[in-house]
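Every chain is numbered from 1, with letters handed out A, B, ... down the list of sequences.
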Protein chains: 2
Amino acid sequence: MAKQTKMIFITSNEDLVHQIASKQVEDTHIIDLDDPKQVTSMINNNSINWTFLAGLSELDSKNDQIYKRALDSHQDDQEKQRKLLRKSIDLICKICGDRAIGFNYDVLSCSSCKAFFHRYAHQDLKKLKCSSRNQNQCKIVNGERSKCHRCRLNRCFAMGMRTDFILSQEEIQRRKGFEKNPNISSTNSTCISQTFNNNDKNIFSESLTAEDLIVIDTIQSDFLSIFQNQFEGSKELIDLTDRVSALISWSESHNKLALLIIKYCRLINEFENLNADDRFILIKYNLLSLFSVILCYNCKSRNQSSSSYQEYDGVENKRQFYSVCDPSSDMYTKVINLMISSMETLNQDLVLVSLLTIILLFSKGLSMNENEPLLNDSLSVYRAQSYYTKILWNYLIDKQGEMKTYKQFTRMLTEIFQRQTCATIFREFINIQIKASQTIDQITPLIQTVLHIS
Amino acid sequence: MAKQTKMIFITSNEDLVHQIASKQVEDTHIIDLDDPKQVTSMINNNSINWTFLAGLSELDSKNDQIYKRALDSHQDDQEKQRKLLRKSIDLICKICGDRAIGFNYDVLSCSSCKAFFHRYAHQDLKKLKCSSRNQNQCKIVNGERSKCHRCRLNRCFAMGMRTDFILSQEEIQRRKGFEKNPNISSTNSTCISQTFNNNDKNIFSESLTAEDLIVIDTIQSDFLSIFQNQFEGSKELIDLTDRVSALISWSESHNKLALLIIKYCRLINEFENLNADDRFILIKYNLLSLFSVILCYNCKSRNQSSSSYQEYDGVENKRQFYSVCDPSSDMYTKVINLMISSMETLNQDLVLVSLLTIILLFSKGLSMNENEPLLNDSLSVYRAQSYYTKILWNYLIDKQGEMKTYKQFTRMLTEIFQRQTCATIFREFINIQIKASQTIDQITPLIQTVLHIS
DNA sequence: AGGTGTTCACATAGTTCA
DNA sequence: TGAACTATGTGAACACCT
Ligand SMILES: [Zn+2]
Ligand SMILES: [Zn+2]
């Protein structure tokens, strides 16, 4: 087929319009720009053969997109229908009643309320005064929403807008990509590095090496393959019929977990190379602390609240366990709160959890028990711990920059102390329970060791 | 200015083309679609006065966008340049080394790794086997990244990809807008409602009324204007020079907070209408619990970790306070962990915090102190508490649906109990400290009352 | 000039299809 | 499987108004 000449005329010349509109011209499409409905419907119904536009070549992608949009037709129909439906039915700004554009700062709201909250969210509500005489009771409606700052901002908060949905400067920088490598641009990095350099013989100065990456890869892989069922499978609940069954049930489930932890530890060369006595001591005095690290990791949703509620049955079961053992004890509060605190610090970071487990394992004297025997080769243990601590440090530096890592480390150290305190009192608590209920024969030997019974 | 008639003719009719092209027609633009270069250059150089298109009215936004895009021209150049620049330099997929498209699931990665993780993140790593003989040590590089599932998924985790960044079904539904009003579409709502209806005389069945909204508005406004400085101002730290100064300093700062709380309570009509004795009793026995609710709200960044670290100085100061008072006590752990737990439950929701404060205020017997005297008008207190509980319930239902609200309520009730336990032992702790240090004369009367000293 | 509200640009979720 | 798409919700910028 011979190529036809195709042209577009865009005109406001009345003579020409009249001339063309009056007689039927073949192979010609007419769009009356003054009749928006016609424009819309013609484009949407694809009654014009727009596809010939696709024959155009060498147009850059931007223009391609324009034509593409014009060419897609029935999809836009759907979309338009849906959008119209939505907008006319339920997309109402909860603050001013205007047409909402979506969720802004966690509240269904319009663009102006979004902008307003973004501007004023950090202002002091106390310093703003209600402009009208109706004391802080101005109606915020579409027409006069910008009359009174005080009442508008207040309504934003009242409808649930959250200042914490406003990105911090740090978060903006990361998004913008100026800081895709957060470890490069940290301005105060030298300062902090030096602090550590002075104390710690420069072990914290490098970044992650290729070798470190392989170690992380391996560790994390081992950790996940050993414990994944623990995280994703349905948690088995403790039998709560009475104290005896509860204790035995607890002992059995923790015996399983302990075996998994030991299996994991034995994959670490530095641990496996120690002599048997030292391995035994490290397990005996540190395993209880490891429980809480591993149990606080779970791989559910990011949303804090929903994740905790998904775990609710498990938590409730745990609470009742302590309650069955000793209703007057506040052991439960201590344990569960430590776990919640750790969940925040560990922040669902699998690498962090798997490394921290090893670091805790190699802790000497962590149990703060005066009876803890000396290690034969405490130097190796110290070296191993330093090595993994360094890897963890570098991993976090690489991931989130030095400033944040510094703070996170400080807090993790605090938590390790809490973890230890908690383990000690838990050990006493459970020992008392076991003695009182005379279930010692039914506790597995491994758990007896961990509880320092034998 | 009178509106001109504007039209577009698209034609392949040679007669018409010839006719128009041969004579100069005013107010008309001609585009020859067979000469792509002409089309491109005309569009890009904007030599056609497209702007008259802006005169079009009532076109829907989609079409506006098409025209708008046609009007923009040189900006795309810039953008393309910048994107190329970035992508060629520093955007390397941390998993396979391919060109990254940005952060996916918290790791700088390419589109294929993004899709891969999205597909397999919830698979069991243990069940996947490493395909090659190199045991779980396959190199994941651009060319052969899809060889071994096991090692690829593992590397995703190792580089820090997070399953919790994958939206849950619930979150997707909310975004898509099918559930802009979460209270409408809840399938199991009747079931839960009935549970509550049976127990609670149907008070939980309605949705938020206009009147409720005004109450929320007022309450939340009062709360914010009274406590905002507490949240946003620089927290004043406790003087830690020695135990005596620490206790006095603690007493003074909490005296201020107590006065603010009382000020807030007196804005509640139901409280103000009680007789003086009842008001006194409620304050005396409940104020200590209220401290922890109010202090656990802060309005910093959403990011969990960064927000906690911003608060770190305050937390550390608090820890040292307990340490100065009694280094052997684990009071600190209890208090701080309760606060961290509450921060999660209250989820930075200002309305929730302000209502919960009132609900706790109206609690009778919350202090679980056998000596707590009976109220004169306990019915009014009960009614007030029911009223605000109902409003809170409806607010949460409206915001997040019934299922989640049910779970959140259950957990909040648990926390209220913990809060009470904590308050009681805190009262004992601080009383012991005050007696031991003989600082009772320097403790303000209000704090003495709250501590049940007087 | 500073406040307001619309629109643009962008990041990163999910989704689709060859 | 992975490139290319859509969708949502951020911040930023602009044109307008007082
Ligand atoms: Zn609005
Ligand atoms: Zn990749």
Side-chain angles (χ1 to χ4, degrees), chain A residues 61 64-65 68-69 72 75-76 78-79 82-83 86 91 93 95-96 98-121 123 142 144-149 152 161-162 164-169 171-178 180 301-303, chain B residues 54 61-62 64-65 68-69 71-72 75-76 78-80 82-83 86 91 93 95-96 98-121 142 144-147 149 152 161-162 164-169 171-178 180 302:
Chain A
S61 64
D64 278 351
Q65 260 195 329
K68 179 90 182 165
R69 290 220 189 188
D72 298 346
Q75 192 170 8
D76 272 321
Q78 271 196 338
E79 190 185 25
R82 214 182 50 211
K83 278 203 175 172
R86 265 210 232 155
L91 285 194
C93 175
I95 290 150
C96 72
D98 200 357
R99 187 168 56 79
I101 58 169
F103 283 94
N104 299 113
Y105 312 108
D106 214 24
V107 169
L108 199 57
S109 50
C110 70
S111 59
S112 63
C113 290
K114 168 191 167 189
F116 177 82
F117 189 73
H118 187 258
R119 286 197 192 95
Y120 291 99
Q123 285 216 0
N142 193 347
E144 51 189 32
R145 60 187 163 208
S146 45
K147 285 256 175 76
C148 172
H149 275 191
R152 188 176 186 185
M161 276 202 172
R162 288 168 56 174
D164 55 326
F165 271 54
I166 298 173
L167 300 185
S168 69
Q169 215 47 42
E171 288 163 318
I172 291 171
Q173 287 311 305
R174 179 184 158 171
R175 281 199 159 190
K176 288 231 168 168
F178 298 115
K180 295 274 178 188
S301 159
R302 161 170 39 176
N303 188 305
Chain B
S61 61
K62 180 205 58 162
D64 279 349
Q65 261 195 329
K68 183 86 188 173
R69 290 220 191 189
L71 295 172
D72 299 345
Q75 193 171 7
D76 269 321
Q78 268 196 340
E79 187 183 29
K80 197 165 294 176
R82 213 182 50 213
K83 279 202 174 173
R86 261 212 234 156
L91 289 194
C93 174
I95 290 151
C96 71
D98 199 357
R99 189 168 54 77
I101 58 168
F103 283 93
N104 300 112
Y105 312 108
D106 213 23
V107 169
L108 199 58
S109 50
C110 70
S111 62
S112 63
C113 291
K114 169 191 169 187
F116 176 82
F117 188 73
H118 186 257
R119 273 195 282 268
Y120 291 101
N142 193 348
E144 51 190 32
R145 60 187 163 207
S146 42
K147 287 254 177 77
H149 276 194
R152 188 177 188 185
M161 276 200 171
R162 288 168 55 174
D164 55 325
F165 271 53
I166 298 172
L167 302 185
S168 69
Q169 214 49 41
E171 288 162 317
I172 291 171
Q173 288 309 306
R174 180 184 158 172
R175 278 198 162 191
K176 289 224 171 170
F178 298 116
K180 296 276 179 188
R302 158 173 42 175

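The distance from atom CD of Gln169(A) to atom CD of Glu171(A), rounded to the nearest 0.5 Å, is 10.0 Å. Here Asn104(A) contributes atom CG and Cys113(A) contributes atom SG; the two are 9.0 Å apart, rounded to the nearest 0.5 Å. Here the CD1 atom belonging to Ile95(A) is positioned 5.0 Å from the OG atom belonging to Ser109(A), to the nearest 0.5 angstrom.
In this structure, the CZ atom of Phe165(B) is 7 Å from the P atom of dA13(C), given to the nearest Å. If you measure from atom CD of Glu171(B) to atom P of dT15(C), you get 13 Å, rounded to the nearest angstrom. In this structure, CZ of Phe117(B) is placed 18 Å from P of dA3(D), rounded to the nearest angstrom. Here dA11(C) presents its P atom at 12 Å from CG of Leu108(B), a figure rounded to the nearest Å. Atoms NZ (Lys114(B)) and P (dA3(D)) sit 11 Å apart, rounded to a whole Å. In this structure, Asp164(B) places its CG atom 15 Å from P of dT12(C), rounding to the nearest Å. Computed from coordinates, the Gln173(B) CD to dA7(D) C1' distance equals 14 Å when rounded to whole Å. If you take CD1 of Ile172(B) and C1' of dT8(D), they are 12 Å apart, rounded to a whole angstrom.
Proximity of a side-chain donor or acceptor of Gln123(A) to a complementary backbone N or O of Tyr120(A) within less than 3.5 Å is not detected.
Smallest separation of non-hydrogen atoms from Ala100(B) and Cys93(B): CB-N, 3.6 Å. Listed here is the closest heavy atom pair of Ile166(B) and Tyr105(B): CG1-CE2, 3.6 Å.
The salt bridge (Lys or Arg N to Asp or Glu O under 4.0 Å) contacts involving residues 102-117 of chain B comprise Arg174(A)-Asp106(B), Asp106(B)-Arg162(B), where partners must be two or more places apart or lie in separate chains.
Nucleic acid contact class of Asn104(B) (heavy atoms, under 4.0 Å, all strands): sugar-phosphate only.
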Taking only N/O atoms, report every protein-nucleotides 15-18 of chain D pair under 3.5 Å with atom names and distance.
none

In 5'-to-3' order, the base (B), backbone-only (S) or no-contact (-) status of each nucleotide in nucleotides 1-6 of chain C, using a 4.0 angstrom heavy-atom cut-off, is --SBBB
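Using the six-membered ring where Trp is involved, His149(B) and Phe116(B) have ring planes that are perpendicular, over 60° apart on the 30 and 60° scheme.
In this view, Ser112(B) and Cys110(B), Arg145(B), Arg152(B) satisfy the side chain to side chain contact (heavy atoms under 4.5 Å, CB included) rule, not counting sequence neighbours.
Regarding contacts with the backbone of dG14(C), a side-chain N or O of Tyr105(B) is found under 4.0 angstrom from either OP1 or OP2.
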